[in-house]
Amino acid sequence: MVNLSVEIAGVKLKNPVMPASGTFGSGMMYSQFIDLSKLGAVVVKGVSLAPWDGNPACRVAEATSGMLNSIGLQNPGAEAFLDTDLPFLKRFGTKVIVNICGHSIEEYEAVAQRFKAEPVDMLELNISCPNVAQGGIAFGTDAKLVEKCVSAVKLKSRQPVIAKLSPNVTDITEIARAAEAGGADAISLVNTLLGMKIDIKKRAPVLGNAYGGLSGPAIMPVAVRMTHQVSRAVKLPIIGMGGIASAEDAVEFMMAGATAIAVGTANFKNPKVMIDIIKGIEDFMKETGVDDVNDFRKMLS
Amino acid sequence: MRMFSAEVFANKPVANGVWEMRIQAPADVLAESSPGQFLHVSVGDERHVLPRPLSICRIDKGAGRIRLVYRVVGAGTAYFAKMKPGESLKAMGPCGNGFFLEVGEKALLVGGGVGIPPLLFLAEKLKEENPGAFITAVLGYRSTSFLKEEFTKACDEVFICSDDGSEGFLGNSADFLQFKLAGSSRAKGIISQETVMFSCGPREMLKRIAGFAMLQQMPCQVSVEERMACGAGVCLGCPVKVKSGDGWKNMRVCKDGPVFQAGEIIW
């Protein structure tokens, strides 16, 4: 028997695999294809206090081995999430991580406060969405604001707080240290890389919002590098993500220093991919004589 | 809706840049499929991370096949066009909500480009529901027509339009409705509040069809297109603005649509 379970900020996950926020909704739609109770956790799509409309169409475009999105965190707000999505998720007995977003520190605080008494296991602070005008990446690329935002949210929350970092910075370790100084319990990285696609026949940007976040296998080496850098710069556990589509990809992130990993874009092509990845990690461990999944992050030469 | 593998039975061009693929699909997928729904078909290489939504043109329950008619617009659809009989593809479906089968005495189907194929499935279903229904189809092509013979069989009357004048009326199907059909005496019976309109095609065309339907006070359903990622209502990548109270809200083309009442969309 190999051990697949990991622990992040005192929360025990049965395995290190979870969806990346925004690629899995709240799990309801994909629950017809996969058993949510098999996942290490479910990370839900960003939740703000009030409903957000998101960005204009076109919101998605494919790139080579990746995709651009500019959804703009459309969501029905915290109350709708608590009324319908959370009760549904709780039926599966899986850990629930709520990604929270806001336009200002006060809004982040208010969402954290709203979830204080609710049965969710962790909060993921979305200070890295590249598709909203205020909040999001505007906070995540400024070390002082990261520290301020994290510490403000920590004061209002009961659950451990994961700071989700943007790769669109000069020095990711500076931002990670700021999150640690602010009191973050864990770090997740990376959010999407800001990109653009142009329709040369229409002579116009493809996305309605012109710029969008690049995700998928195309960004994986960047994400692995940043995971490695951050794991050496802070003591916090890391949830690594960025282009993971197979068990081998997941192991790569863990060897780079991630305690757990998240799967994003790959869910769109194969909603069952996380189940394959969990099985694949276990198989790889057996084949290579690794008893504990936590050993991966200590074995890089 | 389910995920499945399907074997390609046939795959051939039917007009310039337009291909027709027949796939061998599971019985429950066939049974569940209705006109206006689509399959979200994966491109079989790793460079392409997003499946492509292809509307269902026809189902053949006897042979267990689904026919997809698609235009080669980019690398993903070019990949589909290279697939050979016997090869396998992965798909999810049937996705979305199809046309609501309002079966009256008269139906007017208006299609443009690769918006035409799902209307064939619809025409056959409408006839199945009410064999006495009078079905008129207005089909707009860029140039060479496709599926014409089958529409002629399935409908009572078919009008062909082409953007380059190579066949039928010169102009698109919205032009034909506005400038030709609405003015012709024999069309008086078709352009009436008792006729239900069903339309599928490019957004600009649908917008004009919706305007026409509003002017003529005809009920009208439209199947809209949008770029999609998940195809399952998860990612919110394919929004369409619809009226809601005094304002509007975003709905999902893939899950809430692709068919909407023309009057509820904010164009």
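In what follows, every chain begins at residue 1, and chains take the letters A, B, ... in the order their sequences are listed.
- The environment of K90(A) atom NZ is dense: over 12 non-hydrogen atoms of other residues, nucleotides or ligands sit within 6.0 angstrom.
- Within the 4.5 angstrom heavy-atom criterion, atoms from both the backbone and the side chain of Q74(A) approach chain B.
- C235(B) SG to F24(A) CZ: the interatomic distance, rounded to the nearest 0.5 Å, is 13.5 Å.
- Only the side chain of K255(B) comes within less than 4.5 Å of a heavy atom of chain A; its backbone N, CA, C and O stay farther away.
- Residue-environment remark: OH (Y211(A)) stays at or below the threshold of 12 foreign heavy atoms within 6.0 Å.
- Residue-environment remark: CZ (R71(B)) exceeds the threshold of 12 foreign heavy atoms within 6.0 Å.
- Minimum interatomic distance between V49(B) and P217(A) (heavy atoms only, all atoms of both residues): CG1-CD, 3.9 Å.
- Taking 4.5 Å as the limit, some side-chain heavy atom of E62(A) sits within range of a side-chain heavy atom of R52(B).
- The CE atom of M67(A) lies 14.0 Å from the NE2 atom of H48(B); values are rounded to the nearest 0.5 Å.
- For N250(B) (side chain) and D53(A) (main-chain N/O), a donor-acceptor pair under 3.5 Å exists by modelled atom type.
- Listed by sequence position, T265(A), F268(A), K269(A), N270(A), P271(A), K272(A) are the residues of residues 260-274 of chain A in contact with chain B, using a 4.5 angstrom heavy-atom cutoff.
- Within the 4.5 angstrom heavy-atom criterion, only side-chain atoms of P51(B), from C-beta onward, approach chain A.
- Residue A245(A) does not touch chain B at all, counting heavy-atom pairs closer than 4.5 Å.
- The number of heavy-atom neighbours closer than 6.0 Å to CG of D283(A), taken from other residues, nucleotides and ligands shown, is above 12.
- The shortest distance between side-chain heavy atoms of S65(A) and E46(B) does not fall below 4.5 Å.
- Ranked by heavy-atom pairs shorter than 4.5 Å toward chain A, the options R2(B), M1(B), K241(B) are led by M1(B).
- Summarising the geometry, atom CG belonging to N55(A) is positioned 11.5 Å from atom CG belonging to L236(B); distances are rounded to the nearest 0.5 Å.
- The contact between T23(A) and chain B is made entirely by backbone atoms, counting heavy-atom distances below 4.5 Å.
- R59(A) places none of its side-chain heavy atoms less than 4.5 Å from the side chain of R227(B).
- Counted within 6.0 Å of CZ on R142(B), heavy atoms from surrounding residues, nucleotides or ligands total 12 or fewer; the atom is thus considered open.
- The environment of CZ in F92(A) is crowded: more than 12 heavy-atom neighbours from other residues, nucleotides or ligands sit within 6.0 Å.
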